[in-house]
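What follows is a single structure, written as structure tokens, with notes after it.
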Amino acid sequence: MTTTLRFALVDCNSFYVSCERVFRPELEDVPVVVLSNNDGCVIARSDEAKALGIKMGMPYFQLKDLIKRERVEVFSSNYELYGDMSRRVVSTLSQFTPNLEIYSIDECFLDLSHLKPEEVEEWGRSVRETVKKWTGIPVSVGAAGTKTLAKLANRLAKKRAEAGGVLALHTAAETEEALRKTPVGDVWGIGRQHAKRLQQLNVTTAWDLSRMPDGWVKKNMAVTGLRTLLELRGQPCQDLELETPDKKNICTSRSFGRPLTELCDIEEALSTHTVRCATKLRRQNSCASGVTVFLMTNRFAVTEHVYCNSRTIQLPQPTNSELELLPRAMHLLKDMFRPGKRYVKVGIILNGLVPASEVQLDLFSNQNGEKHSKLMDTLDTLRQRFGHHALKYAVQGNKNEKDVEEEKRAPWMLQKKFLSSPYTTSLKGLLRIKA
DNA sequence: TCTGGGGTCCTAGGACCC
DNA sequence: TCTGGGGTCCTAGGACCC
């Protein structure tokens, strides 16, 4: 019995590592890892690095010896580069279908309804070759009747050398075999907690899960769990999301380059995050109804008392003006700050987002609102043209995150010891390739 | 010394109203 | 003095994703 192949999942292999390799081809076949912000932990690994036993999320400081011994190449994360490469991959994929969902920076769901089942493998190979040729990024393709099964097929396409990076689940027998080979914790939608619970009940594979009673799953894993269950059985519960829905919250937060004790340093960091966050808010044409600020000390500390606090206020009316948001964020921070602690992270969340057009009337009844709105437009235009640092508030300080030299950087700024060039988005980066 | 950042959805429980 | 029940809204917390 054959099933209709409705979805393909195209996933970039070790995406961040692959981005770095595009511009450093000599790193092919060499173990490579990419670190999270602040060079904290491993967030991408090449196959060679995986073979050395380096796991996702491992702290870098615990791996230093291994990295040195095995000559692992290390990169700080370079989101400017990865974002740009991601756009190139998406634009290549959109040549293959107009109906495509950007699921994450390195994954897209593609609609297959225009293909006959027997054409899917050939189509998948063509996708792989074209993306590789046009962007330099290797991808894998999984195809099936539901999104959950397409994810599962994609995982196996990566694992099975003989699949050549493309796997389609055509028949019930093929699907059953794939389900039997997938550990339950590797199913999309089954996280650590559910996996643990299921394993205790001797449900160890995706196949076992697909045989569970609906009632038990609904009761213990909510309706999202039930959707996963039905999709494993081939019954589609999720469609492509062709338009990205507006975000309901927007957050900007960073760990500090080193622990901070002074309020003024944290104010510089938080004001910079607030400006970033407000910029994201305006890009979505939204206004925020509330502001939350959070502040924390090191949660792993054993000798110090862990302090983790947050404060929220509702705004008199929704706004996206930095002039409204900044003083409120600063006030919340001062309210939480306790001297004598070593803080490691601060962040802001803008919540209760509403379309800016819906508060427009209020905005015009308030003269300040109209002025602010024009000012913010101007700021956005100038910053887009000349960069984030072109126009800043005094409270943000005068240091520039792009500066590499230690003494030119503020203490709150991220560590990025192993940063590659912004090869694709700046002239300097471009010159670095030629050299 | 050194452990990321940014989201979503669901549910339970409390507050409040009629 | 007795003291219901149903509905809605909000929030906190937990689970998940990449």
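Throughout, protein chains are lettered first and strands after them, A, B, ... in sequence-line order, and every chain is numbered starting at 1.
Evaluation of the side chain to side chain donor-acceptor pair (under 3.5 Å) test over residues 329-355 of chain A, restricted to residues two or more places apart or in two chains, returns A:Thr292-A:Asn351, A:Glu304-A:Arg342, A:Arg311-A:Asp335. For residues 241-259 of chain A, no pair satisfies salt bridge (charged side-chain N to carboxylate O under 4.0 Å, His left out), with sequence neighbours left out. Residue pairs satisfying the salt bridge (charged side-chain N to carboxylate O under 4.0 Å, His left out) criterion with at least one member in residues 134-145 of chain A, sequence neighbours excluded, are absent. Sorted pairs that involve residues 60-78 of chain A and meet salt bridge (charged side-chain N to carboxylate O under 4.0 Å, His left out), not counting sequence neighbours, are lacking altogether.
The stretch residues 192-207 of chain A does not touch DNA chain B, since none of its heavy atoms comes less than 4.0 Å from the strand. Residues of residues 93-111 of chain A having a heavy atom closer than 4.0 Å to DNA chain C, listed by number: A:Tyr103, A:Ser104, A:Asp106, A:Glu107.
Both cation-pi conditions hold for A:Arg211 and A:Trp207: the charged atom is under 6.0 angstrom from the six-membered ring centre and inside a 45 degree cone around its axis.
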- Item | Canonical and wobble pairing (Watson-Crick, G-U, under 3.5 Å) of DNA chain B, dot-bracket with | | ....||||||||||||||
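With sequence neighbours excluded, the residues forming a salt bridge (charged side-chain N to carboxylate O under 4.0 Å, His left out) with A:Lys50 are A:Asp47, listed by chain and number. Every side-chain hydrogen bond (donor to acceptor under 3.5 Å, both in side chains) that A:Asn78 has, sequence neighbours left out, goes to A:Ser420.
Between A:Val30 and A:Glu48, the closest side-chain pair of non-hydrogen atoms is not below 4.5 Å. The closest side-chain heavy-atom distance from A:Leu81 to A:Thr424 is below 4.5 Å.
Counting non-hydrogen atoms under 4.0 angstrom, A:Val187 reaches the backbone sugars and phosphates but no base.
A:Val166 and A:Arg125 get closest at one heavy-atom pair: CG2-N, 3.8 Å.
Comparing the P positions of C:dC18 and B:dT3 gives an interatomic distance of 25 Å, to the nearest angstrom.
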For residues 126-147 of chain A, dump all side-chain donor-acceptor pairs below 3.5 Å to protein atoms at least two apart in sequence or in another chain.
from: A:Arg128; atom 1: NE; to: A:Gly164; atom 2: O; distance (Å): 3.1
from: A:Arg128; atom 1: NH1; to: A:Val139; atom 2: O; distance (Å): 2.7
from: A:Thr130; atom 1: OG1; to: A:Ser126; atom 2: O; distance (Å): 2.6
from: A:Thr135; atom 1: OG1; to: A:Val131; atom 2: O; distance (Å): 2.7
from: A:Thr135; atom 1: OG1; to: A:Ile137; atom 2: N; distance (Å): 3.1
from: A:Ser140; atom 1: OG; to: A:Asn13; atom 2: OD1; distance (Å): 2.8
from: A:Thr146; atom 1: OG1; to: A:Leu149; atom 2: N; distance (Å): 3.1
from: A:Thr146; atom 1: OG1; to: A:Glu231; atom 2: O; distance (Å): 3.0
from: A:Lys147; atom 1: NZ; to: A:Glu101; atom 2: OE1; distance (Å): 2.7
from: A:Lys147; atom 1: NZ; to: A:Asp239; atom 2: O; distance (Å): 2.8

What pairs of donor and acceptor atoms, side-chain ones from residues 33-45 of chain A against any protein atom, are under 3.5 angstrom apart with sequence neighbours left out?
from: A:Ser36; atom 1: OG; to: A:Gly40; atom 2: N; distance (Å): 3.4
from: A:Ser36; atom 1: OG; to: A:Cys41; atom 2: N; distance (Å): 2.9
from: A:Ser36; atom 1: OG; to: A:Cys41; atom 2: O; distance (Å): 3.4
from: A:Asn38; atom 1: OD1; to: A:Gln415; atom 2: N; distance (Å): 2.8
from: A:Asn38; atom 1: ND2; to: A:Phe256; atom 2: O; distance (Å): 2.7
from: A:Asp39; atom 1: OD1; to: A:Ser76; atom 2: OG; distance (Å): 2.7
from: A:Asp39; atom 1: OD2; to: A:Lys417; atom 2: N; distance (Å): 2.8
from: A:Arg45; atom 1: NH1; to: A:Ile54; atom 2: O; distance (Å): 2.9

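Using a 30° and 60° split on the angle between ring planes, A:Phe418 and A:Tyr60 fall in the perpendicular class, above 60°.
Rounding to whole angstrom units, NZ of residue A:Lys151 and P of C:dC17 are separated by 9 Å. Counting to the nearest Å, the P atom of C:dC16 and the CG atom of A:Leu226 are 16 Å from each other.
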- Task: Treat primed atoms plus P, OP1 and OP2 as sugar-phosphate and everything else as base, then score nucleotides 1-13 of chain B 5' to 3': B for base contact with protein heavy atoms under 4.0 Å, S for sugar-phosphate contact only, - for none.
- Result: -BBBSSSSSSS--
